[in-house]
Q: 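Please find one structure pasted underneath; my questions will follow.
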Amino acid sequence: MNVEDYLKQLNPAQRAAVEAVKGPVMVIAGAGSGKTRVLTYRIAHLIDYHQVDAFQVLSLTFTNKAAREMKERIARIVGPSEAKNLWMGTFHSVFARILRVESDRLGYPSNFTIYDTEDQAKVINNIIKEQSLDKEIYKPKSVARRISAFKNALITPEEYQRSPELREQDAAARMPLMGEIFAAYNERCFRSGAMDFDDLLLNTYMLLRKFPDVLAKYQDRFRYIMVDEYQDTNHAQYLIVKALANRYGNICVVGDDAQSIYAFRGANIKNILNFQRDYEDVQVFKLEQNYRSSKTIVGAANSLISKNKDQLHKEVWTDNDAGERITIHKTVSDNDEGNYVARMIFEKHMTNHLPYESFAILYRTNAQSRAMEDALRRKNIPYRIYGGLSFYQRKEVKDVLAYFRLTINPKDEEAFRRVVNYPKRGIGDTTLDKLTVVANREGVSIWEACQNPMLLESAGINRPTQTKLQDFVTKIESYRVLTQKGDAFEVAGHIAKSSGLIREFSEDKTPEGVSRYENIEELLNSVKEFTENQKEIEDGNPSLDAFMEDVALITDADKGTEDDKHKVSLMTIHLAKGLEFPVVFIVGLEESLFPSMMSMGSRADLEEERRLFYVALTRAEKEAYLTHAQMRYRWGKLIDCEPSRFLEEIDERYLNILTPDFSPFTGPDTSLPSRRRSAENTARKPRTSLRPSSAPPKNLKRVRPTQESEGNFEALTNVEVGERVKHQRFGMGTVSDLEGSGPNKKAIIEFDNVGEKKLLLKFAKLERVNA
DNA sequence: ATTTTACAAATTTTT
DNA sequence: TTTGTAAAAT
């Protein structure tokens, strides 16, 4: 594709934004206005037309998936060898990459661990316990939120102590020791060689501020900077971008104030509202033509968002057809809501021949997915849930990962605590407490304390336990040696086996245990896949370090794969940002659910909820359905619900309000007479108890005790060479070889799309395909 | 040190 | 309803 070709595909406003390559540029991009297209072509244009070196372009996106897709599109214009040099990714992943290079400046090891929310909570919990504070007053969650807020505002523990206002705020909240906890938390993370998500930003900022030569280096490298979803940047991100752009001034931010929905994690909508004040001679472009949605949807969304006070003026319009009115439907209960949605999807799928991937069900809270899942499953409608408990957060997966983490960075205290006695080694809480005391006293990590027999002795740990600890240390050390030679897959496989975890899981024959075992297999598969991919790439890195780096910053939105074709998407509205679907169901439009209870206190919060609804509505291309239930299960109790105020805020001419008659004689399934209702409820019980009692697998393989696994059971193990088979995830393939026998029988399968895989037949959910 | 039992708490959204 | 934590028992 040459210059003329891609410029021709743009409308005047888009084209102007693409061609304005110098100086500060702000693009206000209404929903569905072709923002990604502008960003893509702008970068391609820089490289292709202005001969800018791809190494000098930094592009910060909202998800890594978005970055990957954009890179592919750019590659098609400028060629893959050039495109691969682009710096593209989320703030967190790009800055983690920089921090790995520069970590010694800040006193961190370059293989620092990235703590997720769970690790963070555990550290805080430990500190609260050690200082014997009342955790009714110092709620770990609120402490974590508070610390996160400090970091996003770039406040250090020292600055905290110097600020009377902050100290008073916490004293007023009966938490006068907040500053001490904050300091202890930072200290502990530092000693563990670990950064949390906020640290990735904060430390990048500190790095650039304290070391002018580092700043100069990156200023000089990133001569063209682009920031997507600028309305969702926080203060730290704002300052980092500003610092980096300070030399060349070629900064282009793209965003939509109407879609700012991340204030709760520190995003500051003022960043976009004040951009013109912050930079000189800003060129502003407004993309107001919506290419995505029908006139009805655009009109409805406009009428809704006009209720917000804080916004930049813009007029989103569309050339598309008027389309169907938006349906509002009231149901009796949350289960009923699920049935309605499932029935509508089924009907539309059958009568209009819409594939299942055309549908999305969006909700405010993850908890709402349950009712939807039940209903979809009952109708055998395939679906995929995004978010919720992700694969990498599952307990058993984190256990294995903790061994990996400890191998890479033995100072990682949370990983240490997690696995030092798992599988059981006779090292219990008492020992751990003693270790903590001595580590704190000496100002070293627990690991370092374990390496020093003198310290163990002085901690009052008895001889047998000392030996156990030393055995553990030796074991981890041996893994470390292995990482010097082996690739991620070799090391991971060895660790999983020799740590005893595999044995631990395989001994458990309960359905939960089997599911856990499968998840570990799945994890090792993904290590294998990663290793192989890295080996194929020219300068790929197949080490375990690289794998863990990849895993740490994977986001829920990043994980979609090919096998999501033909599936209905279920996700929170937050996760739906940036996506679009022909038909969208927004469920649970009830007061104190959406808008959420927490947001009803202040106008600013309420406006954010309204923007959230705006985002939800504008995901729809052709049709939108809004549902609300009269009753809903919450906290295990049935509660009454009022329709959301947002429903009244949409201009009526776009609406089609169904006021269904709830007598048992009308609609076939919409409302259920009480007898059937209770019968259904009792019928539900046994199935629910069949579910793994641990958190049900939300993302990858969901264990479905009923249909699938039993249905094809005979077909699983007796495949033969040359046969055509179908795998849930990998698609179609041909069996090329068999290995092992009995329960360990494996098949080597050449898949049409993903190449050769070796699968344990016991677990691979294969289907025979008749040629 | 580990297992069992009982009881409380939880639901906003995520990198 | 489910999940996690604290106390009590082995």
Q: Rounded to whole angstrom units, what separation is found between the CZ atom of Arg632(A) and the C1' atom of dT1(C)?
A: 15 Å

Q: Under 4.0 Å, counting only non-hydrogen atoms across every strand here, what does Thr431(A) touch: a base, just sugar-phosphate, or nothing?
A: sugar-phosphate

Q: Taking the side chain from Ser599(A) and the backbone from Glu609(A), do they hold a donor-acceptor pair closer than 3.5 Å?
A: no

Q: Identify whether any heavy atom of Lys424(A) sits under 4.0 Å from a base atom; if not, whether one sits that close to sugar-phosphate; answer base, sugar-phosphate or nothing.
A: sugar-phosphate

Q: Using the criterion of both pairing distances under 3.5 Å for Watson-Crick and G-U wobble pairs, give all stems of 3 or more consecutive pairs involving DNA chain B.
A: B:1-10 with C:1-10

Q: What is the distance from OH of Tyr422(A) to P of dA1(B), rounded to the nearest Å?
A: 19 Å

Q: Has the side chain of Ser93(A) got a donor or acceptor atom that lies under 3.5 Å from a matching backbone atom of Thr90(A)?
A: yes

Q: Please say whether the positively charged group of Arg265(A), taken as NZ for Lys or CZ for Arg, lies over the ring of Tyr262(A), i.e. under 6.0 angstrom from the six-membered ring centre and within 45 degrees of the axis.
A: yes

Q: Could you work out the separation of dT13(B) and dG4(C) based on their P atoms and round it to a whole Å?
A: 16 Å

Q: Establish, yes or no, whether the cationic atom of Lys395(A) lies under 6.0 Å from the six-membered ring centre of Tyr422(A) and within 45° of the ring axis.
A: yes

Q: Where the side chain of Asp412(A) meets the backbone of Ala415(A), is there a donor-acceptor pair that is under 3.5 Å apart?
A: yes

Q: Between Asn339(A) and Arg378(A), is the side chain to side chain donor-acceptor pair (under 3.5 Å) condition met? List the steps.
A: CA-CA 9 Å; Asn339(A) 290 336; Arg378(A) 233 173 284 147; 3.2 Å; yes

Q: Would you find a donor on one side and an acceptor on the other, under 3.5 Å apart, between the side chain of Asn421(A) and the backbone of Arg425(A)?
A: yes

Q: For Phe472(A) and Phe416(A), I'd like to know if the aromatic rings sit close, meaning centre-to-centre distance below 6.0 Å.
A: yes

Q: Treat primed atoms plus P, OP1 and OP2 as sugar-phosphate and everything else as base, then score nucleotides 9-15 of chain B 5' to 3': B for base contact with protein heavy atoms under 4.0 Å, S for sugar-phosphate contact only, - for none.
A: --SBBBB

